[in-house]
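Here the structure is laid out as C-alpha cells; the discussion comes afterwards.
The basis for the numbers below is simple: all heavy atoms, side chains too, and nothing from hydrogens, waters or symmetry mates. Letters A, B, ... mirror the listed sequences (proteins, then strands); counts begin at 1.
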Number of protein chains: 2
Amino acid sequence: MIPNNNSRKMFLEIVKQLRQLIHDENIPVGGKLPSERELAERLQVGRSTVREALRSLELLGIIETRRGEGTFLSDFRKHQLVELLSTFILQDSRSKKDVHTTMHALEKEAIRTICLTEQLQKQSIWDAFIDKLQEEMFQEDIIREIIIISNNRLGLKIWFLLKQFAGEPYRSLMNVKEKEAWKMLLGNLKVGNEQQAISNYNEWKLLMNRGEIK
Amino acid sequence: MIPNNNSRKMFLEIVKQLRQLIHDENIPVGGKLPSERELAERLQVGRSTVREALRSLELLGIIETRRGEGTFLSDFRKHQLVELLSTFILQDSRSKKDVHTTMHALEKEAIRTICLTEQLQKQSIWDAFIDKLQEEMFQEDIIREIIIISNNRLGLKIWFLLKQFAGEPYRSLMNVKEKEAWKMLLGNLKVGNEQQAISNYNEWKLLMNRGEIK
DNA sequence: AATTACAAAGTGGTCTGACCACTCATAGTT
DNA sequence: AACTATGAGTGGTCAGACCACTTTGTAATT
C-alpha cells in the first residue's frame with residue numbers, strides 16, 4: 001500500500017488542490033466555495049487540515065470567510081493583510097528598495113508601450129488627466145491608469161501587489177513642480193514621444209524623492 | 001468575566017500576538033519559537049488555533065517548521081508570497097505577450113540600474129562575457145547574470161517565475177548579428193552608457209523576434 | 001573510559017468529535 | 001399578509017488522541 005507518510009506538508013497540498021478546484025469549477029470573484037466539511041470529505045483529509053489551508057489563503061486575502069454563511073473567493077486587492085506584512089516583513093530596507101525598483105520598472109514599461117502604440121496614444125483620457133491636474137488628485141490613480149491603458153494585465157496585477165507591500169510611495173497632493181512634470185509627461189505620452197516621456201518620468205521621480213526626504 | 005467569543009477572528013489575533021512575541025523576545029532570523037503547545041497555553045487558546053496562525057505565517061514564508069524540531073523564524077527575503085500569489089494570479093491571464101512585456105521591463109530596469117551604479121560597472125564579468133560570446137553560450141544565462149548583478153532580488157524572483165511561464169523565449173545559439181548586438185550591449189554596460197545600452201537591448205530583441213518568426 | 005544502542009521526551013502533522021455563534025430559509029403562528 | 005420560532009448549514013474553537021520525526025539522555029556493550 002502507498003505510505004501516507006507524506007514528507008510534504010499536507011496543508012500545502014490542499015492549497016494547491018484548492019487552486020485547482022477554483023479553476024476547474026470556474027468560481028468567479030465573490031463566488032462561494034464548498035463548505036469546510038465538504039472540502040474535507042472531497043479531498044479526503046481532516047477538517048482541521050482544510051482549515052489550515054483556508055486560513056492561510058484568508059490571510060493572503062485570496063478568500064474571505066463569513067461565519068454562518070461560507071467561504072468566498074475574494075478580490076485580492078482588498079486584503080488588509082498587507083499592512084501586517086509590511087510590519088512583519090518589509091522592515092528590511094533592501095526589500096523595500098527592491099519593491100520600489102520593480103514597481104518603477106513596470107511603470108516605465110507601461111509608458112514605453114503606450115508611446116510605441118498608436119492606438120493607445122489617441123485616448124482622450126490624457127487630456128482629461130491634464131485638466132484634472134488642477135484639482136486635488138491622486139498621483140497613484142494616474143500611474144495606475146497608465147498601466148491599465150498599456151494593456152499589460154499581468155504587469156498591472158504585479159504592480160498592484162507590490163504597491164500594497166510598498167506602503168505609501170505616492171503622495172496624493174502635488175506641488176507646482178510636480179504638476180508641471182506630470183503635465184509634460186502626459187503631453188508627451190499623448191504624442192508618443194518615448195524619450196521625453198521617460199525623461200519626464202525620471203524627473204518626477206526625483207521630485208518625489210526629494211519631497212520624501214523633507 | 002470577559003467574553004472572548006468576540007466576533008473577531010481569533011487566529012488573526014494570534015498572528016498579531018505572535019508578532020508581538022517575536023519582537024518582545026527579540027527572536028533573531030533562524031531563531032526558534034516556542035512550541036505550539038506552549039504557545040497555546042501562554043496565549044490561552046487551543047492548539048489548533050495557534051496552528052492556523054502559524055500555518056498562515058508559514059505560507060507567507062515568515063516562519064519555517066521542521067517536524068520533530070520546532071518552528072523557526074525564517075529569512076523572509078525569500079519572497080515566497082510573491083511566488084504563491086503569482087501562481088494564483090497567472091491563472092486568468094496567461095497571455096504570453098504580457099509575460100514577455102513584463103520580463104522585458106525587468107531586464108531593462110536591470111540594465112539601467114547597472115549603468116547608473118558605478119560599482120556594478122566595474123565587475124570584470126562583462127569582459128568575461130564578451131570573451132565567451134565566441135563560444136556557444138546561453139543568452140538566458142547572460143540576461144540572468146545581468147539581473148543578478150543589478151541586485152534586485154525581488155525582480156530576479158519574479159523574472160524567474162515569468163520565465164517558467166514563458167516557455168523558451170531565448171534561443172541559446174546566436175548568429176553573427178546577435179553576437180554583435182550583445183558585444184555592444186555589454187560594452188556599454190561596462191562603461192555605464194545607459195541610453196546606448198537600452199538601445200542595444202532593443203536591437204537585440206528585434207533580432208530575436210525576427211529569428212522566431214522565421 | 002569510550003562507544004554504541006535503545007528508550008524517552010519533545011515537537012510538528014493530522015484526525016475526530018464535540019460544542020458554540022451566526023446566518024438564512026421556511027414552516028408555523030398570529 | 002406579517003411576524004415569529006425553529007432547524008439546518010456554516011464557520012470558529014477546543015480537547016484529546018495518535019503518528020512521524022528529531023533530539024537527548026541513559027543504559028548496555030565493548
What closest approach, in Å, do Ala105(B) and Glu109(A) show between heavy atoms, and which atom pair accounts for it?
-> CB-CB, 3.4 Å
Atom CZ of Arg51(B) and atom P of dG12(D) are separated, to the nearest Å, by 17 Å
Should Arg42(B) and Glu25(B) count as an ion pair when the cut-off is N to O under 4.0 Å?
-> yes
Round to the nearest Å and state the distance from Glu13(B) atom CD to dG12(D) atom P.
-> 15 Å
Judged by modelled atom types alone, do Thr71(A) and Glu64(A) share a side-chain donor-acceptor pair under 3.5 Å?
-> no
Rounded to whole Å, CG of Leu59(A) lies from C1' of dG11(D) at a distance of 17 Å
Test item: Leu18(B) and Leu39(B) side chains (from C-beta on) under 4.5 Å apart, heavy atoms | yes
Should the pair Glu58(B)-Arg55(B) be classified as a salt bridge under the 4.0 Å nitrogen-to-oxygen rule?
-> yes
Minimum heavy-atom separation for Asp98(B) to Arg153(A), with atom names?
-> OD2-N, 3.0 Å
Quick one: is Thr49(A) getting a side-chain N or O under 4.0 Å of the dC15(C) phosphate, OP1 or OP2?
-> yes
Walk me through it: do Glu203(A) and Lys205(A) pass the test salt bridge (Lys or Arg N to Asp or Glu O under 4.0 Å)?
-> CA-CA 5 Å; Glu203(A) 284 169 22; Lys205(A) 206 168 64 173; over 6 Å; no
Separation of dG11(D) atom C1' from Leu33(A) atom CG, nearest Å, is 13 Å
Calculate the interatomic distance between Gln44(A) atom CD and dG13(C) atom P; express it in whole Å.
-> 21 Å
Select one nucleotide: of dC15(C), dG13(C), dC14(D), the one nearest the side-chain heavy atoms of Ser48(B).
-> dC14(D)
Between the side-chain atoms of Arg55(B) and the base atoms of dG13(C), is any donor-acceptor pair under 3.5 Å?
-> no
Separation of atom CG in Leu39(A) from atom P in dT10(D), rounded to whole Å | 10 Å
Arg47(B) vs Glu52(B), nearer the 5' end of DNA chain D by closest nucleotide = Glu52(B)
Could you tell me the separation between the CZ atom of Phe72(B) and the P atom of dG12(C), rounded to a whole number of Å?
-> 8 Å
Shorter than 3.5 Å, N or O on both sides, protein versus nucleotides 4-11 of chain C: list them out with atom names.
unit_1: dG10(C); atom_1: N2; unit_2: Gly68(B); atom_2: O; d: 3.3

